[in-house]
Amino acid sequence: MLRLFVGIEFPPELKLQLSMLETGIPGAKWVDAGNLHLTLRFIGEVDEGVAADIDAALARVRARRLTLQLAGTGVFGGGRPRALWVGVERHPDLVALRDKIEQALIRIGLEPEQRKFAPHVTLARLREPALGPLGDFLAAHAQFRAAPLPVERFSLIASFPTKAGSIYEDQADYPLSG
């Protein structure tokens, strides 16, 4: 079985810039810099036959190149924050790419994604964080903006859990057109 997701991987310079934010919240489980990415669609565990069908479906997706803008920070979980993230500004081409991926996966029999697409880069998982330092972090990084990121491909990525955290391995890349 493979645990898969579709995402956009980042260049080393952006991963480094994002990893420099990963401090100042006691108890946060920070995402390893090598694993920082934008998830377009979480798939979950599938067997190798389904994985091959997913690969073939994604290879047929036709979408335009785009530019990502990472900006701001926030949390999921409201009064009980469980994830800290850097935002990704919604862009029509990003939403179109995500929608085409979703439709391709539904056509091969995967269940539709139930969650609304909220583009973000997870920096940390939180378990009962101290709200003072978390608030300080959010205030300090509210104006964060990375350089615009040209995106020329998306990827099918496998996640292999280990005691030290997940290891991500690229399974296939799919080019975007000009």
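Source: prediction; values computed, not measured.
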Under 4.5 Å between any side-chain heavy atoms of Glu22 and Val31, yes or no? yes

Closest approach of Ala124 to Ala28 (non-hydrogen atoms, all atoms of both residues): CB-CB, 4.0 Å

To the closest 0.5 Å, what do you measure between CG (Leu156) and CG (Asp170)? 8.0 Å

Ala71 and Val86: which non-hydrogen atoms are nearest, and at how many Å? N-CG1, 4.2 Å

Here the gap from Glu152 atom CD to Thr67 atom OG1, rounded to the nearest 0.5 Å, amounts to 9.5 Å

Sidechain-backbone polar pair: Lys100 side chain, Arg62 backbone, donor-acceptor under 3.5 Å: yes

Residue pair Leu18 / Leu123: nearest heavy atoms and the distance that separates them: O-CD2, 4.0 Å

In terms of heavy-atom contacts, Thr73 and Phe137 come closest through CG2-CE2, 4.1 Å

Measuring only between side-chain heavy atoms, which start at C-beta, is Leu131 closer than 4.5 Å to Pro81? yes

Which heavy atom of Arg90 sits nearest a heavy atom of Phe117, and at what distance? NH1-O, 2.7 Å

Are Ile157 and Leu4 packed together at the side-chain level, in the sense that at least one heavy-atom pair is separated by less than 4.5 angstrom? no

Judged by atom type as modelled, is there a donor-acceptor pair below 3.5 Å linking the side chain of Thr39 to the main-chain atoms of Arg41? no

Main-chain N/O of Ser166 paired with Asn35 side-chain donor or acceptor, under 3.5 Å: yes

How far does CD1 of Ile101 sit from CG of Leu97, to the nearest 0.5 angstrom? 4.0 Å

Under the side chain to side chain contact (heavy atoms under 4.5 Å, CB included) rule, what do Phe154 and Val61 come out as? Steps first, then yes or no, please. CA-CA 10 Å; Phe154 66 97; Val61 169; 4.1 Å; yes

Give me the ring orientation class for Trp85 and Phe76: parallel if the planes are under 30° apart, tilted from 30 to 60°, perpendicular past 60°. tilted

Are side-chain heavy atoms of Val6 and Phe42 found at a separation under 4.5 Å? no

Pair Arg145, Glu89 - check side chain to side chain contact (heavy atoms under 4.5 Å, CB included), show working. CA-CA 10 Å; Arg145 274 183 93 70; Glu89 292 180 356; 2.7 Å; yes

For the side chain of Lys15 and the backbone of Gly34, is there at least one donor-acceptor N/O pair under 3.5 Å apart? yes

Side chains of Arg80 and Arg127 in contact at under 4.5 Å (non-hydrogen atoms): no

Quick one: CG on Asp53 to CD1 on Ile108, what's the gap to the nearest 0.5 Å? 5.5 Å

With the threshold set at 4.0 Å, does a side-chain nitrogen-carboxylate oxygen contact exist between Arg82 and Glu128? no

Can you measure from CG (Asp136) to NE2 (His141) and round to the nearest 0.5 angstrom? 10.0 Å

How about Met20: does its CE atom have over 12 heavy atoms from other parts shown lying under 6.0 Å from it? no

Side chain to side chain, Val46 and Ile54, heavy atoms closer than 4.5 Å: yes

Under a 4.5 Å cut-off applied to non-hydrogen side-chain atoms, are Gln69 and His91 in contact? no

Are more than 12 heavy atoms from other residues, nucleotides or ligands located less than 6.0 Å from atom CZ of Arg65? yes

Would you call the rings of Phe5 and Tyr168 parallel, tilted or perpendicular if under 30° counts as parallel and over 60° as perpendicular? perpendicular

Rounded at 0.5 Å granularity, tell me how far CG in Leu2 sits from CD in Gln171. 6.0 Å

N/O donor-acceptor pair under 3.5 Å between Arg125 side chain and Thr122 backbone: no

Take Glu13 and Leu16, measure what side chain to side chain contact (heavy atoms under 4.5 Å, CB included) needs, and give me the verdict at the end. CA-CA 5 Å; Glu13 316 79 62; Leu16 177 62; 5.7 Å; no

Closest non-hydrogen atom pair, Asp55 against Ala172: OD1-CB, 3.6 Å

If we ignore hydrogens and angles and just use 3.5 Å, is the side chain of Gln114 paired with the main-chain N or O of Pro112 as donor and acceptor? yes

If we ignore hydrogens and angles and just use 3.5 Å, is the side chain of Glu169 paired with the main-chain N or O of Ile167 as donor and acceptor? no

Can Leu176 and Asp93 be said to form a side chain to side chain contact (heavy atoms under 4.5 Å, CB included), step by step? CA-CA 11 Å; Leu176 298 172; Asp93 289 339; over 6 Å; no

With the side chain counted from C-beta on, respond yes when Leu70 and Leu38 share a heavy-atom pair under 4.5 Å apart, and no when they do not. no

Counting only heavy atoms from other residues, nucleotides and ligands, does the tally under 6.0 Å from CZ of Arg153 exceed 12? no

